[in-house]
Number of protein chains: 2
Amino acid sequence: MKHVNIKDVAREAGVSTTTVSYVLNQTPSQSISPETTERVWQAVRTLNYVPNLNARSLTSQKTNLIGVVIPQTEPGKEFMFANPFYGELLSAIEYTARRNGYHLLLSGPDPDQSYINIARNRSVDGIIIVGSYPSKSLNELHQLAVPVVLVDTYVKDDVFHTIGIDDRLGGQLATRYLLEHGHRDIAFVSGSVSEQGVVQKRFMGYMDALNEYGLSMNEKYLYLGTVSYDFAQSVAEEMRLRGNRETAAFATADILGMGLIKGLRRLGRRVPEDLSIVGFDDLDVARMSDPSLTTIHQNIAEKGRNAVQIILDAADGVSGKQERILPVSIVERDSVANLAPQGRINT
Amino acid sequence: MKHVNIKDVAREAGVSTTTVSYVLNQTPSQSISPETTERVWQAVRTLNYVPNLNARSLTSQKTNLIGVVIPQTEPGKEFMFANPFYGELLSAIEYTARRNGYHLLLSGPDPDQSYINIARNRSVDGIIIVGSYPSKSLNELHQLAVPVVLVDTYVKDDVFHTIGIDDRLGGQLATRYLLEHGHRDIAFVSGSVSEQGVVQKRFMGYMDALNEYGLSMNEKYLYLGTVSYDFAQSVAEEMRLRGNRETAAFATADILGMGLIKGLRRLGRRVPEDLSIVGFDDLDVARMSDPSLTTIHQNIAEKGRNAVQIILDAADGVSGKQERILPVSIVERDSVANLAPQGRINT
DNA sequence: ACCATTCACTTAACCGCTTCAGTAAATTCA
DNA sequence: TGAATTTACTGAAGCGGTTAAGTGAATGGT
């Protein structure tokens with residue numbers, strides 16, 4: 001099946017390829033008669049012509065492609081998008097991009113960081129990078145001529161655009177909520193704390209709240225591992241091993257909160273009666289869990305929309321680094337118990 | 001920042017662009033001296049040259065791009081990938097593709113079906129279509145020159161490759177499992193039954209199992225809606241309204257099973273004591289639920305890997321339609337109770 | 001009525017790369 | 001040793017578009 005090209009259309013319509021191009025792109029500076037325009041469209045229809053975007057990109061230097069790099073959530077596992085968080089984010093990105101005539105070029109991060117090359121050799125019009133990466137590999141992105149949007153990465157830099165949430169406030173809200181409900185011994189359950197990641201900020205918020213109440217962080221209450229259901233499940237056991245007496249836990253991801261619930265239940269402990277839990281993200285699964293998870297809400301879709309919008313803006317000539325921070329809020333559900341002064345429990 | 005091109009490299013290395021091209025692609029039919037080869041690579045390094053894949057694709061007619069079309073799970077919602085099923089599938093696809101030097105061009109289905117054009121104008125090397133679509137829109141894909149892989153679509157056609165699971169057997173296994181546990185009044189909870197979709201097959205399996213036990217389908221036990229947690233939750237209420245006496249339910253997706261659990265609990269009914277449930281898919285969330293969900297396992301990642309492999313094969317010249325069906329099995333967890341003859345319950 | 005515009009198009013160069021068809025020198029073979 | 005082959009390259013066409021510059025004819029202004 002031969003690819004029909006612009007020449008075929010030109011021949012069919014009895015005009016030059018230039019004219020066809022002008023008609024197709026409705027080039028504003030050029031005037032084409034209505035009759036010719038119609039003839040061209042007619043030819044396009046009869047030949048069922050579709051422009052080759054590769055060729056078009058070659059000259060126009062515009063690809064209408066946005067590169068998206070999404071991390072593995074667990075090292076070694078290939079299922080990076082299995083985490084619903086990324087699914088929702090990617091959905092919003094895809095939808096917004098498509099609404100604006102863009103498509104997505106998707107990639108996980110290669111060990112050899114070839115995702116940088118994607119931006120260069122595919123000539124994407126922009127690139128969205130989700131999650132935290134070693135800053136040295138980010139440095140390589142500086143040589144790029146296209147706008148780069150970092151999602152959920154904390155990095156001091158005045159070239160990359162960033163979009164994120166107020167993670168520190170989120171951590172504070174979560175912890176404060178537990179404090180307000182009478183809890184004083186609050187565990188901190190999370191994946192590893194990296195320099196550029198969100199966990200560090202949430203941890204700072206955790207400490208902020210403790211400080212508000214004149215408390216200080218107790219290292220025995222820190223449970224750091226990976227952002228996975230299984231790790232969180234094991235934390236329940238670890239709590240017992242450490243002989244800790246925490247009455248509540250702040251889990252920095254809903255998945256962690258859910259794993260923790262499961263782990264506790266296995267040991268015969270109940271949520272929230274024996275341990276109150278606040279999660280983070282407000283994924284769909286948070287309300288599906290039993291008990292449903294009190295959590296910090298963030299607007300994931302809005303994050304995705306903003307990421308695309310920043311690139312769209314940049315493509316439209318808006319200059320200067322953009323830095324957007326979306327709000328967070330607490331969603332009260334059923335995983336936190338009120339610890340009355342007497343030590344009695346009221347859910 | 002000027003794009004450095006092959007000419008710059010040629011000049012730097014003191015050779016022709018042809019030679020550079022041969023070195024870069026290691027064209028087998030051409031012999032280049034080691035010294036020249038080294039000079040070219042040296043030039044590539046000093047200039048930090050990255051080939052423009054757009055230009056390359058233009059001549060070579062190969063893009064190393066695989067188009068992926070993933071449906072919205074709920075009409076009107078933009079979050080098509082939020083369903084963990086698609087996340088896992090997409091992950092496997094992306095990973096396998098990247099391992100083989102391909103990238104993914106991602107798109108949701110436009111109302112105007114422009115995803116067909118993606119295949120044509122972006123000149124992807126293949127296209128993977130997930131989920132069921134109206135067969136007329138599939139017909140348009142026939143004009144494509146690239147291999148098309150349909151995932152989870154039942155369509156009689158000898159052009160499209162297909163990859164799926166034995167949905168009918170899955171439905172049968174699920175239902176039979178309930179029957180084996182003494183259940184006779186078994187609800188069928190699912191999204192809408194479409195011509196090409198998987199639900200229809202699962203429904204047939206449901207009936208197969210009933211027939212095995214000399215039972216026939218009772219229309220009162222059919223609950224059809226959308227594949228969503230919320231719908232399933234409402235089914236619990238609907239069951240009461242209908243005044244039905246089912247002791248078990250086969251939910252054609254894990255999300256439905258989970259929603260059903262939640263809905264029942266809201267009404268003070270317990271799973272599995274009051275209603276036993278078998279789900280489908282064996283998503284991560286199935287084991288996270290409480291009670292954990294007995295479900296039909298399918299290897300989602302394997303599905304994704306196969307989809308890519310089919311395209312890779314076709315690109316390598318393997319001809320003929322491929323049709324792969326992956327096995328299913330039942331995973332026993334905690335959502336099914338044994339209904340003893342006396343009517344007593346043993347979990 | 002004459003020059004300046006505007007209109008409606010076309011010609012041709014170019015985007016960055018691949019690849020066919022050469023070509024001159026070095027090597028092999030009889 | 002001369003012809004045939006191989007080696008190591010190069011020139012130029014072409015992939016399918018876009019776009020700057022150019023060209024007649026029609027229109028406008030005075």
Check the distance between [N]'s [atom2] and [X]'s [atom1] and give it to me in whole angstrom.
X	N	atom1	atom2	answer
B/Asn54	C/dC17	CG	P	10 Å
A/Leu53	D/dT18	CG	C1'	13 Å
B/Ile6	D/dA12	CD1	C1'	14 Å

Regarding A/Thr96 and A/Asn100, is there a side-chain donor-to-acceptor distance under 3.5 Å anywhere?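 On atom types as modelled, these side chains do not qualify, holding no pair under 3.5 Å.
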
Just checking, is any N or O donor in the side chain of B/Gln42 or B/Arg45 under 3.5 Å from an acceptor N or O on the other one?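 Their side chains do contain a donor-acceptor pair, which is all the 3.5 Å distance test asks for.
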
Side chain of [X] (C-beta onward), nearest among [options]:
X	options	value
B/Gln30	C/dC17, C/dC9, D/dC9	D/dC9
A/Ser31	D/dT10, C/dC7, C/dT18	C/dC7
A/Arg56	D/dC15, D/dT18, D/dA8	D/dT18
B/Pro51	D/dC15, C/dC17, D/dT18	C/dC17

Is the phosphate of [N], meaning OP1 or OP2, less than 4.0 Å from a side-chain N or O of [X]?
X	N	answer
A/Asn25	D/dT18	yes
A/Ser60	D/dT18	no
B/Asn52	C/dC15	no

Near DNA chain D, counting only heavy atoms under 4.0 Å, which residues of residues 36-45 of chain B show up?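 Those residues whose heavy atoms fall under 4.0 Å from DNA chain D, taken from residues 36-45 of chain B in numerical order, are B/Thr36.
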
Mapping A/Val50 and B/Gly14 to their closest nucleotides on DNA chain D, which lands nearer the 5' end?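 By nearest-heavy-atom nucleotide position, the 5'-most residue is B/Gly14.
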
Listing time: all N or O pairs from protein to nucleotides 11-14 of chain C that are below 3.5 Å?
unit_1	atom_1	unit_2	atom_2	d
C/dT11	O4	A/Thr18	OG1	2.7
C/dA12	N6	A/Thr18	OG1	3.2

